**Q** 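Got a structure for you, questions after.
Proteins come first, then strands; the chains are lettered A, B, ... in the order of their sequence lines, and each starts at number 1. Computed from a prediction, not measured in an experiment: that's the story for all the values here.
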2 protein chains.
Amino acid sequence: MPYSYEHPRPALTVDCVVFGLDDTDLKVLLIQRSVAPFKGSWALPGGFVHVEETLEEAARRELEEETGLRNVFLEQLYTFGELKRDPRERIISVAWYALVNLRDHKVKAATDAGEAAWFSLDDLPTLAFDHATILDTAQQRLRGKVRYVPIGFELLPRLFTLTQMQRMYEKILDRALDKRNFRKKVLGMGVLEETDQVQQDVAHRAARLYRFNEAAYKRMVKQGINFEI
Amino acid sequence: MPYSYEHPRPALTVDCVVFGLDDTDLKVLLIQRSVAPFKGSWALPGGFVHVEETLEEAARRELEEETGLRNVFLEQLYTFGELKRDPRERIISVAWYALVNLRDHKVKAATDAGEAAWFSLDDLPTLAFDHATILDTAQQRLRGKVRYVPIGFELLPRLFTLTQMQRMYEKILDRALDKRNFRKKVLGMGVLEETDQVQQDVAHRAARLYRFNEAAYKRMVKQGINFEI
DNA sequence: TTGCCTTAGTGTCTCGTATACACTAAACTG
DNA sequence: CAGTTTAGTGTATACGAGACACTAAGGCAA
């Protein structure tokens, strides 16, 4: 025990809520705990913060170690510090949320944290610690934020159809959107760039593919244009 | 040094950005540091988290110890964890912001943290540590949140005039609002309760006093009514 | 090859809300 | 009582949100 302090210190961890989107659902990435407490339970990926790394570095490191994910959209969520949230000792957790698209990022199945797997948000296992609370907070944040800031594109592949984009908003906001109004609105915003490509290998009329024009978006933010869906 | 751990642990603090409103300005409460580092500089009130208290308890305790304020609106802001934010050692700070009204809450001038004083947001001294960043983050949060959630009432006295309320929004949002449109809107929301009292001791026509009807607000939140200013 | 199935893609009308805008009323002051 | 200061009030216009249904295109199977 070489590290001593005058006063007792809580331990500090990071936990990540990783959202991913596939054709059918909005999903979250969980890992199965291989050690006590909550051995065998599903939990958010995360771990202890090292003393020589920032909080964001810790979150990204743990995410890569436990799930193989890197270079993902990551934003701080909230810091959870209830007294008994970990049965072993006092642990403060700085929670983060990440957005990835399931096509571009493959998750390594088995890791040093045990098994990693995607779960639909409406079919979740019981989670370890207070991770259900953290996940719930993340979902609320995502729902609130996606309407004002175009972070949703992080969940879509680089090229996407307007229908895919609409489905994404519908999953996150959990309500149906009108097709024509949705298209009118998002095309009117001027941050979508039409490509000359269309969907491949679909058994019906192929939809045009679009990409998100980040430069145009940044220009518009500077002009104070707002971005409500 | 009785507290030993297998791995080194960062220290954990809380810092509070306390906003207050008077007749002329939106202000923030700062304390003058009486010890190194940054001795003599102005800083946000805050201090170390004890191992047997939650983060919110720590924030409230420090706030009372250093400024005498209690029972104020307090919400978690963000957690700051850059490597060199404190020159002594690695310190993580969970930042909070508070809203108080300067009429009801008197700040004790001299405290164990030295001098406490209110500063206008556009006339700030140089702040210790990364507290300028924290304050800036808090101001952005307040600006974003006040438009959707009626937290602004925390800054007003219990009874207030519509003009005081409009000034409050104007200070926070940093833009002028139209008097008639503002009144139409806020009265139409149905969360303001008209009293039969008017302003006292003013050298002009006295304005009617209103109070915030929290019960009505909660009812409306449940109905999903939104609250944009 | 043709009919069928599935999804893509498109325009208008209505209604409600945001915004722009100026005068009279009331209360105190000297 | 004339002057000063702030309170308090209504309307007209423009814009955007939301409701709504049909045709186009492409693959598939009989």
**Q** Between atom CZ in Phe160(B) and atom C1' in dA7(D), what is the gap in whole Å?
**A** 16 Å
**Q** Are there any protein N/O atoms within less than 3.5 Å of an N/O atom in nucleotides 21-23 of chain C, and if so, which ones and at what distance?
**A**
unit_1  : atom_1 : unit_2    : atom_2 : d
dC21(C) : N3     : Arg180(B) : NH2    : 3.3
dC21(C) : N4     : Asp178(B) : OD2    : 3.3
dA22(C) : N1     : Arg180(B) : NH1    : 3.3

**Q** For Leu187(B) and dA7(D), what is the distance between atoms CG and P respectively, to the nearest whole Å?
**A** 14 Å
**Q** Heavy atoms, side chains only, cut-off 4.5 Å: are Arg70(B) and Arg60(B) in contact?
**A** no
**Q** Can you tell me the distance, in whole Å, between the CG atom of Leu209(B) and the C1' atom of dG8(D)?
**A** 15 Å
**Q** I'd like a list of close polar pairs between nucleotides 23-26 of chain D and the protein, N/O only, cut-off under 3.5 Å.
**A**
unit_1  : atom_1 : unit_2    : atom_2 : d
dA24(D) : N3     : Arg205(A) : NH1    : 3.2

**Q** Measure the distance from CD on Gln199(A) to C1' on dT7(C) and round it to the nearest whole Å.
**A** 9 Å
**Q** Rounding to a whole Å, what distance do you find between Arg183(B):CZ and dT19(C):P?
**A** 18 Å
**Q** Quick one: salt bridge (Lys or Arg N to Asp or Glu O under 4.0 Å) partners of Lys171(B), sequence neighbours excluded?
**A** none
**Q** Short of 4.0 Å, heavy atom to strand atom, which residues of residues 164-174 of chain A count as contacting DNA chain D?
**A** none
**Q** Listed by chain and number, what are the salt bridge (Lys or Arg N to Asp or Glu O under 4.0 Å) partners of Asp23(B), not counting sequence neighbours?
**A** Arg103(B)
**Q** What is the distance from NZ of Lys185(A) to P of dC15(D), rounded to the nearest Å?
**A** 17 Å
**Q** Residues two or more places apart in sequence or in another chain: which of them pass ring pair (Phe, Tyr, Trp, His ring centres under 6.0 Å) with Tyr148(B)?
**A** Tyr148(A)
**Q** Listed by chain and number, what are the side chain to side chain contact (heavy atoms under 4.5 Å, CB included) partners of Gln166(B), not counting sequence neighbours?
**A** Glu170(B), Leu177(B), Lys179(B), Phe182(B)
**Q** In this structure, how many angstroms lie between the P atom of dT6(D) and the CD atom of Gln200(B), rounded?
**A** 18 Å
**Q** Determine the contact category for Arg208(B): base if any of its heavy atoms lies under 4.0 Å from a base atom, sugar-phosphate if only primed atoms, P, OP1 or OP2 are that close, otherwise nothing.
**A** sugar-phosphate
**Q** Could you tell me which residues satisfy side chain to side chain contact (heavy atoms under 4.5 Å, CB included) with Gln199(A), sequence neighbours excluded, listed by chain and number?
**A** Thr161(A), Val202(A), His204(A), Ala206(A), Ala207(A), Leu209(A)
**Q** List in chain and number order the residues that pass side chain to side chain donor-acceptor pair (under 3.5 Å) with Ser120(B), two or more places apart in sequence or in another chain; answer none if no residue qualifies.
**A** Asp25(B)
**Q** List for me each residue that meets ring pair (Phe, Tyr, Trp, His ring centres under 6.0 Å) alongside Tyr210(A), sequence neighbours excluded, and say none if there are none.
**A** none
**Q** Indicate, with a heavy-atom threshold strictly under 4.0 Å, whether Thr161(A) touches base, sugar-phosphate, or nothing.
**A** nothing
**Q** Whole-Å distance between dA18(C) C1' and Met189(B) CE?
**A** 12 Å
**Q** What residue pairs, at least two apart or across chains, pass side chain to side chain donor-acceptor pair (under 3.5 Å) with a residue in residues 123-135 of chain B?
**A** Arg85(B)-Asp130(B)
**Q** Could you check whether Glu194(A) pairs with Arg211(A) (Lys NZ or Arg NE/NH1/NH2 to Asp/Glu carboxylate O, under 4.0 Å)?
**A** no
**Q** Please identify each residue that fulfils side chain to side chain donor-acceptor pair (under 3.5 Å) with Arg147(A), with sequence neighbours left out.
**A** Glu228(A)
